[in-house]
Amino acid sequence: MNTEVVIVGGGIQGCSTAYHLAKRGVQVTVLEKDWVSRHASGVNAGGVRLLGRDVAEVPLSKAAMALWPTLDEELEADTGFRARSLINIAADEADMETLYKRREVMHGLGYTHEQIIDQKELRERLPHVSPFCVGGVVSETDGYAIPYQSTLAFRRAAERHGARFVEGKAVERIRKVGPNWLIETRDDRYECKHLVNCAGAWAEKMSVMIGDNVPLTHSAPMLMITTRMPHFATPVVGAVSRPLSFKQFENGTVLIGGGSKGFADRDNNRTRLDYKKLAIGAKNVAEFFPIMKTASINRMWAGLEAYMPDNLPVIGASVNAENAWHAFGFSAHGFQMGPIVGQVMADLVTGSKVGFDLHPFRIDRFERKVL
Ligand SMILES: Cc1cc2nc3c(=O)[nH]c(=O)nc-3n(C[C@H](O)[C@H](O)[C@H](O)COP(=O)(O)OP(=O)(O)OC[C@H]3O[C@@H](n4cnc5c(N)ncnc54)[C@H](O)[C@@H]3O)c2cc1C
C-alpha cells in the first residue's frame, strides 16, 4: 500500500501530526497497534500546563497554550478544555526562595506568565488551603482538557481531511527500499516517503529500526479520582517541591496526580498500581487541603509513559536516516503540547519553516554535546 506519510502511533502526537498533515493535503496513514488513545494520551490527567516548564520547552508550550482555547472550534469537537489558573503552592520559605530564583531566570528570558503570590492571595484563591502554606506561583492561562476526547478530536478532524487510521496493527519491521520506507505489520506492508515515529513508550524500538539510538525509558505514572465533593477549588493545584497535583472538575470529583509511579509491564500493555505510594499521595493532598480528609477514592489507574533522561521530549529529524522524524519521550507532560507538536511535525515533513528552536530536543543529544 502506498502513502506519502506513515505515522506510527495513535496517541495525541500521532493524531495531531496526522491532522496537520492531512489539512495540508498530504496523504497520511496512522498505524496503531491497539486503538487510538489507548495509552498515555487517553488516560492522563488532562493538565494543560505552561507553569513550571523547563525553559527549553516554554516557546512550544506557550504556542500550544495559545491554541487550546479555540481547539474545539478548529477541530469541530469537544475537547473538554477549561481555562483555569494553575497554582503551585509554596509550603515554606525555601519554596518561596526557589520561586524568586526562577522568576529571575524567567524574567531574564522575557517570560512573565508566572506570577508569585503571597500567603494572603493564596488563601483568597484557595480558601481551603492549609495555614502552613506561605504563598505560591500562578499561571493564569493554564487549565485542563479531557484527554480521550481531545485525542479523538484530532483523529476525527484528521479523518475529515482524508487521513487513514489503521488500528490493531503493530509495526513489526521498518526498512529502507530505495528512497522509500517499507513498513510491515503482521499482515500488511506500507511504502511511503516519510516516516513519523510517535510510538510513545515504545518509540525507542521504532528508533532502532530507523537507525537511531536513544536512551528512552518508560514508567507507569498513577492517578486517582474521588467521588463528588462540595466545590472547594477552582484553580488546578500543584506544589513547588512536593508531589502534589490535583484538579476539581465541574461535577465535583477531584483528580489526584503527583507523579508517583506504579509498575509498568510494557510488553503486555499492562500496568499495576503501587497502593502504598497512592496512599502517601492521598495523605499528601489531605495535608495541604484538610477538606480532602473526607474524600472517597472512586477509581485508580496508571498509564504507560515514555521518559527521557532530561525529561525533555525528542522532536525532530532522524540523525541517521533521511525522511524519518521523531516526536516522543514527553516525560509525563506531553498532552498539553500535542496541538503544537503536530504542527511542528507537519512543518518538518513538508519542508516548511519551523518557527521553534528544536535543538534541545535532538535525538542524539546524549551522544553529542548540544551546543
Ligand atoms: C497517568 C498520566 C498522567 C499524565 N498527565 C499529564 C498531564 O496532566 N498533562 C500533560 O501534558 N501530560 C500528561 N501526561 C503525559 C501525556 O499523557 C503524554 O506525554 C502524551 O500523551 C504522549 O503522547 P504520545 O502520542 O507520544 O504517546 P501515546 O499516547 O502513548 O501514544 C503512542 C501510541 O503508539 C502506539 N504504538 C507503539 N508502538 C507501536 C507499534 N509498533 N505499532 C503501532 N503502534 C504503536 C501505542 O499503542 C500508543 O497508542 C500524563 C501521562 C500519564 C500516563
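Order of listing sets the numbers, starting from 1, for every ligand and every atom in it. Every value quoted in this text rests on a predicted model; they were computed, and no experiment measured them.
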Inset, instruction - Could you check which of His333, Glu32, Lys205 puts a non-hydrogen atom nearest to atom 49 (O) of ligand 1? - result: Glu32
Inset, instruction - For atom 29 (O) of ligand 1, state which one of Ser41, Ser150, Ala203, Ala170 supplies the nearest heavy atom. - result: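 Heavy atom nearest to atom 29 (O) of ligand 1 belongs to Ser41.
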Legend entry - Nearest-neighbour protein heavy atom for atom 38 (N) of ligand 1, which is reported as residue plus atom name and distance: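 Checking every protein heavy atom, the shortest distance to atom 38 (N) of ligand 1 gives Trp202 CB, 3.4 Å.
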Legend entry - atom 53 (C) of ligand 1: the protein heavy-atom neighbour that sits closest, reported with distance to 0.1 Å: Pro221 CG, 3.5 Å
Inset, instruction - For the residue pair Asn320 and Ser318, confirm or rule out a side-chain donor-acceptor distance under 3.5 Å. - result: no
Inset, instruction - Say whether Asp95 and Ser241, considering side chains only, have a donor N or O and an acceptor N or O under 3.5 Å apart. - result: yes
Inset, instruction - List, by chain and number, the other hydrophobic cluster members for Leu182, where Ile, Leu, Val, Met, Phe, Trp and Tyr join if side-chain heavy atoms come within less than 4.5 Å, directly or indirectly. - result: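 So far as hydrophobic clustering goes, Leu182 is joined with Val177.
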Can you find an N/O atom of [X] closer than 3.5 Å to an N/O atom of ligand 1?
X	value
Ser331	no
Gly334	yes
Leu304	no
Lys247	no
Phe330	no

Inset, instruction - Hey, can you tell me if Phe335 and Trp68 have their rings parallel, tilted or perpendicular (30° and 60° cut-offs)? - result: tilted
Would you mind running through ligand 1 and noting each atom that sits below 4.0 Å from a heavy atom of [X]?
X	value
Gln13	23 (O), 24 (P), 25 (O), 26 (O)
Cys198	32 (C), 33 (C), 34 (O)
Gln336	10 (C), 11 (O)
Leu223	1 (C)
His39	30 (O), 46 (C), 47 (O), 48 (C), 49 (O)
Gly303	53 (C)
Gly47	7 (C), 8 (O), 9 (N), 10 (C), 11 (O)

Please tabulate, for the side chains in residues 40-65, all donor-acceptor contacts under 3.5 angstrom to protein atoms that are two or more places apart in sequence or on a different chain.
unit_1, atom_1, unit_2, atom_2, d
Ser41, OG, Ile12, N, 2.7
Asn44, OD1, Gly46, N, 2.6
Asn44, ND2, Ala40, O, 3.1
Arg49, NH1, Leu51, O, 2.7
Arg53, NE, Arg49, O, 3.0
Arg53, NE, Ser61, OG, 3.3
Arg53, NH1, Glu57, OE1, 3.1
Arg53, NH1, His333, O, 3.2
Arg53, NH2, Arg49, O, 3.1
Arg53, NH2, His333, O, 3.1
Arg53, NH2, Gln336, OE1, 3.2
Asp54, OD1, Ala56, N, 2.9
Glu57, OE1, His333, NE2, 3.4
Glu57, OE2, His333, NE2, 3.0
Ser61, OG, Gln336, OE1, 3.0
Ser61, OG, Gln336, NE2, 3.2

Inset, instruction - Determine yes or no for a side-chain-to-main-chain donor-acceptor pair under 3.5 angstrom, with Asp142 supplying the side chain and Ser85 the backbone. - result: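 No.
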Legend entry - Exam field: side chain Glu305 to backbone Gly334, donor-acceptor pair closer than 3.5 Å: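 Side chain of Glu305 to backbone of Gly334: no pair is present.
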Inset, instruction - Heavy atoms only: give me the nearest Ala220-Thr271 pair and the separation to one decimal. - result: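 Reported closest heavy-atom pair: CB-CG2, 3.8 Å.
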Legend entry - Connected via hydrophobic side-chain network under 4.5 Å: Val26 and Val354: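 Yes, Val26 connects to Val354 through the hydrophobic network.
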